Student: 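Mind looking over this structure? Questions follow.
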Amino acid sequence: MMKEIYDNGPIVVAINAAPDLYYYSAGVFITNTKNIPTEDNENESMNPWMFTNHAVVCIGWGETIHEGNLLQYW
């Protein structure tokens, strides 16, 4: 992803967005990943990495300090 963005600019990314993304307004979005919805357990043949519910444009990456820890982000 980094090489593609660096060489060609922003890319579209599909994500499994947490419900609290609705309230996002600025900065690095941080959520409790335990609250992210997943497919029903009835379809166990589906890889959980394939479940997406939102598309975003990724324009870059960086690092910041959050609660005393280094946080890398897209």
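Because the structure is a prediction, the values reported are computed rather than measured. Just so you know, these numbers use all the heavy atoms, side chains as well, and skip hydrogens, waters and symmetry mates. In what follows, residues are counted from 1 in the order of the sequence shown.
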Student: Indicate the atoms forming the closest heavy-atom contact of Val57 with Pro10, along with that distance.
Tutor: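 Nearest pair, atom of Val57 first, then Pro10: CG1-CB, 3.6 Å.
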Student: Do Val28 and Tyr24 belong together in a cluster built from hydrophobic side chains that touch within less than 4.5 Å?
Tutor: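 No.
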Student: Starting at CG of Asn16, measure out to OG1 of Thr52 and round the result to the nearest 0.5 Å.
Tutor: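 The CG atom of Asn16 sits 7.5 Å away from the OG1 atom of Thr52.
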Student: State, to 0.1 Å, how close Ile5 and Ile59 come at their nearest heavy-atom pair, and which atoms those are.
Tutor: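 Closest pair (atom of Ile5, atom of Ile59, distance): CG2-O, 3.7 Å.
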Student: Check the pair Leu70, Ile65 against side chain to side chain contact (heavy atoms under 4.5 Å, CB included), reporting the backbone distance first and the verdict last.
Tutor: CA-CA 5 Å; Leu70 179 65; Ile65 300 297; 4.3 Å; yes
Student: Mind running side chain to side chain contact (heavy atoms under 4.5 Å, CB included) on His54 and Leu21 for me, showing each step along the way?
Tutor: CA-CA 10 Å; His54 201 76; Leu21 181 64; 4.0 Å; yes
Student: For the hydrophobic clusters of this structure (ILVMFWY residues joined by side-chain heavy atoms under 4.5 Å, transitively), does one cluster hold both Met2 and Val56?
Tutor: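 Yes; Val56 is reachable from Met2 via cluster members.
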Student: Is there a continuous path of hydrophobic side-chain contacts, each under 4.5 Å between heavy atoms, that joins Phe29 to Trp74?
Tutor: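 Yes; tracing contacts between hydrophobic side chains, which count when under 4.5 Å, links both residues.
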Student: Membership question, hydrophobic clusters at under 4.5 Å side-chain separation (ILVMFWY): are Tyr73 and Ile15 in the same one?
Tutor: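 Hydrophobic grouping puts Ile15 apart from Tyr73.
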Student: Using every non-hydrogen atom in the two residues, find where Val12 and Ala55 come nearest and quote the distance to one decimal.
Tutor: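 Where Val12 meets Ala55 most closely, the heavy atoms are CG1-CB, 4.4 Å.
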